[in-house]
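The structure under discussion appears below in the form of structure tokens.
Lettering of chains follows the sequences in order, A, B, ..., and the numbering in each one begins at 1.
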Amino acid sequence: MRIATWNVNSINVRLAQVLAWSEAARPDVLALQETKVPDERFPRAPLEAAGWHVACHGQRAYNGVAILARAPLEDVATGIPGLHDDQARVLAATVGGVRVVCVYVPNGEAVGSDKYGYKLRWMEALRGWLREELARHPLLAVVGDFNVAPEPRDVHDPELWEGRVLYSEPERAAFRALLALGLCDTFRRFDQPEGSYSWWDYRMRAFQRNLGLRIDHILASPALCERCTACRIDRAPRGRERPSDHAPVVADFDLPT
DNA sequence: ATGGTTGTACGACAA
């Protein structure tokens, strides 16, 4: 089973790229973030015509998540139980016996801002819920845009970024707290090229200069992590015309589809 | 350099 995640920064702008990339990369599950459409305007028909089962949870203009799967999506759920949140950031579904949680963690805007506080509270609520999800689902994947670069090697210039949003110590601690539940960062289970990032700012030709951060992740429960055989970032879509500012992350698991 | 670019929706706001 191949699971991928991609912050597409508008599903309607990126629909042709999602169809073309998924045709070539052949994920069995594709989690999307920043779809930026309410569910009634999600491009369900062209995706279903391409063979996808579709679950989506969106809103006007901002946020929005979706899960595409080759097999039927079961037990679809939205949001973090017990967290009051009017932003569409979490979607979960079971596919082929694997519980897939698609997350779009708040950006946080700037350290010390109201949105930064919301981000830290949100991540703490996520942690509490995932502890329960791990107990319920031996095969659990938590994938998406976490808006946190966990380590210095995930940042093109860690000294420049130290203390800034996406790489402040409280955010890194919140990410480590997710790993402390027993989730593994599948990307770091394997040798990776130096300078591996998943997001590059649109400005200042950041992608061409590889001024990026690795903030998109595929986390796996212990039993799922044991079956992980590969994880990589596919930079190619970021270099194409009118790209998302994020690249897809892809992980393979030794599981039947 | 408080800059720069993109998406949503047509003026800011979010990232």
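Annotation: dT5(B) and dA1(B) have their C1' atoms spaced 16 Å apart (nearest Å). Separating the C1' atom of dG11(B) from that of dG7(B) is a span of 14 Å, rounded to the nearest Å. Taking the C1' atom of each, dA14(B) and dA9(B) are spaced 13 Å apart, rounded to whole Å. Taking atom C1' on both nucleotides, dG3(B) is separated from dA15(B) by 16 Å, rounded to a whole Å.
Interface residues of residues 100-125 of chain A facing DNA chain B, ordered by number: Tyr104(A), Asn107(A), Lys115(A); criterion, heavy-atom separation under 4.0 Å.
Checking the phosphate oxygens (OP1, OP2) of dA15(B), no side-chain nitrogen or oxygen of Arg203(A) falls inside 4.0 Å. Residue Arg60(A) places at least one side-chain N or O closer than 4.0 Å to OP1 or OP2 of dA9(B). Contact check, Ser244(A) against dT6(B): no side-chain N or O comes under 4.0 Å of OP1 or OP2. Look at Arg14(A) and you'll find a side-chain N or O under 4.0 angstrom from OP1 or OP2 of dG7(B).
We find that CG of Asn9(A) is positioned 19 Å from P of dC13(B), with the value rounded to whole Å. Distance Gln59(A) CD to dA14(B) P: 12 Å, rounded to the nearest Å. Rounded to whole angstrom, the span from the CG atom of Asp245(A) across to the C1' atom of dA14(B) amounts to 11 Å.
Comparing dA15(B), dC13(B), dT6(B) by their nearest atom to the side chain of Asn63(A) picks out dA15(B).
For the pair Arg172(A) and Tyr167(A), the cation sits on the ring face: its NZ or CZ lies under 6.0 Å from the ring centre, inside 45° of the axis. In this structure, Arg214(A) is not positioned above the aromatic face of Trp199(A) in the sense of NZ or CZ being under 6.0 Å from the six-membered ring centre and within 45° of the axis.
With 2.5 angstrom as the limit on SG-SG distance, Cys184(A) and Cys225(A) come in below it.
Between Ile215(A) and Phe146(A) there is no side-chain heavy-atom pair separated by less than 4.5 Å.
Arg205(A) comes within 4.0 angstrom of no nucleic acid atom, judged by non-hydrogen atoms across all strands.
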